Amino acid sequence: MAKLYIGTNTKMVQTIAQSKAFLTKLGTLTADIPREQMELFVIPSYTSLESAGIICRNHGILLGAQNMCWEDTGQFTGEISPLMLKETGVEIVELGHSERRHLMGEDDAMVNRKVHAALRHGFTPLLCIGETKLQKMQGIADEVLRIQLQTGLFGVDRNPPPLRIAYEPVWAIGVDGEPATAEYAEQRHSTIRETLTTLFGKLGASIPILYGGSVNPQNALSLIAKPHIDGLFIGRSAWDAERFDAIIRMVLPCAMAK
Ligand code: PGA
């Protein structure tokens, strides 16, 4: 029986108080869902991590961080070290989100160093990849995804690594984004699966691949119904605990029936 992988990154939106209220409500609402059926994770702001960690542990929610420096310590003003994240109970580290790549200038080489640091410290990297609108128009989406995977995961020799992939087309993310159709997303997920198999052999096919980019109550079910879509990585539509819980309940039976 398959498992549902589902989570949210709350970006630079929720304060500490808001994160705590959100997590407490989400944990309570989803308490009856056995965690063997679902990997539920929340990636709050850095300042919320410590208090969020306590609530997450009590409710079977995995705690994630939105980014991480590749170095353990040193002169890196404004960065956050894997050791600091460890202290807060973080288990998942989101790396290479589109907003990091396109607004903050992160490239595949930086993402690759972060992946290695995350694995070295026992975190599960959630590697985000996706093509821009122009690359989609040029018909090179699959090539872009292959490059992002091959460079982002370069030198990773654990087989398979504890890893989650989030396919998030840049043009689909955020208020101005337009969600990918389930068919389009499925084609890209299939390319990602193939590439992971090339990189890690047969076991690479077991690495969960999540879709993200304007997931909402209207499109969640058609996305999860696709064979290569193992989970959903949701922004705005998950920031209200009741709405998020409703999406989870809608997609869970379909994910498990795969
Ligand atoms: P969105 O965000 O669901 O609000 O488009 C997705 C993401 O950035 O992961």
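Just so it is clear, the structure is predicted and the values come from calculations on it, not from any experiment. Only heavy atoms go into these numbers, but all of them, side chains included; no hydrogens, no water, no symmetry mates. Both counts, for ligands and for their atoms, begin at 1 and track the order of listing.
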Distances only, to 0.1 Å: what are the N or O pairs between ligand 1 and the protein that fall under 3.5 Å?
residue, atom, partner, partner atom, Å
ligand 1, 2 (O), Lys11, NZ, 3.4
ligand 1, 3 (O), Ser214, N, 3.4
ligand 1, 3 (O), Gly235, N, 2.9
ligand 1, 4 (O), Arg236, N, 3.0
ligand 1, 4 (O), Arg236, NE, 2.6
ligand 1, 4 (O), Arg236, NH2, 3.4
ligand 1, 5 (O), Gly174, N, 2.8
ligand 1, 5 (O), Ser214, N, 2.8
ligand 1, 5 (O), Arg236, NH2, 3.1
ligand 1, 8 (O), Lys11, NZ, 2.7
ligand 1, 8 (O), His97, NE2, 2.7
ligand 1, 9 (O), Glu168, OE1, 3.3
ligand 1, 9 (O), Glu168, OE2, 2.5

| task | Taking all non-hydrogen atoms of both residues into account, name the closest pair between Ala180 and Leu223 and its distance. | result |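 Looks like O-CD2, 4.4 Å.
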| Where His97 and Glu99 come nearest, the two heavy atoms and their spacing |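 Looks like ND1-N, 2.9 Å.
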| message | We want to know whether Tyr167 and Glu131 form a side-chain donor-acceptor pair, criterion being a heavy-atom distance below 3.5 angstrom. | response |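 Glu131 and Tyr167 do have a side-chain donor-acceptor pair below 3.5 Å.
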| task | Hey, can you tell me if Phe41 and Phe233 have their rings parallel, tilted or perpendicular (30° and 60° cut-offs)? | result |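 Ring orientation, 0 to 90° scale: tilted.
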| task | Would you mind listing every side-chain hydrogen bond (donor to acceptor under 3.5 Å, both in side chains) that reaches into residues 204-223, with sequence neighbours excluded? | result |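 Residue pairs passing side-chain hydrogen bond (donor to acceptor under 3.5 Å, both in side chains), neighbours aside: Ser214-Arg236.
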| Would you call Lys136 and Asp142 a salt bridge, taking side-chain N to carboxylate O under 4.0 Å as the test? |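 Here Lys136 does not pair with Asp142 in a salt bridge, since their nearest N and O are not under 4.0 Å apart.
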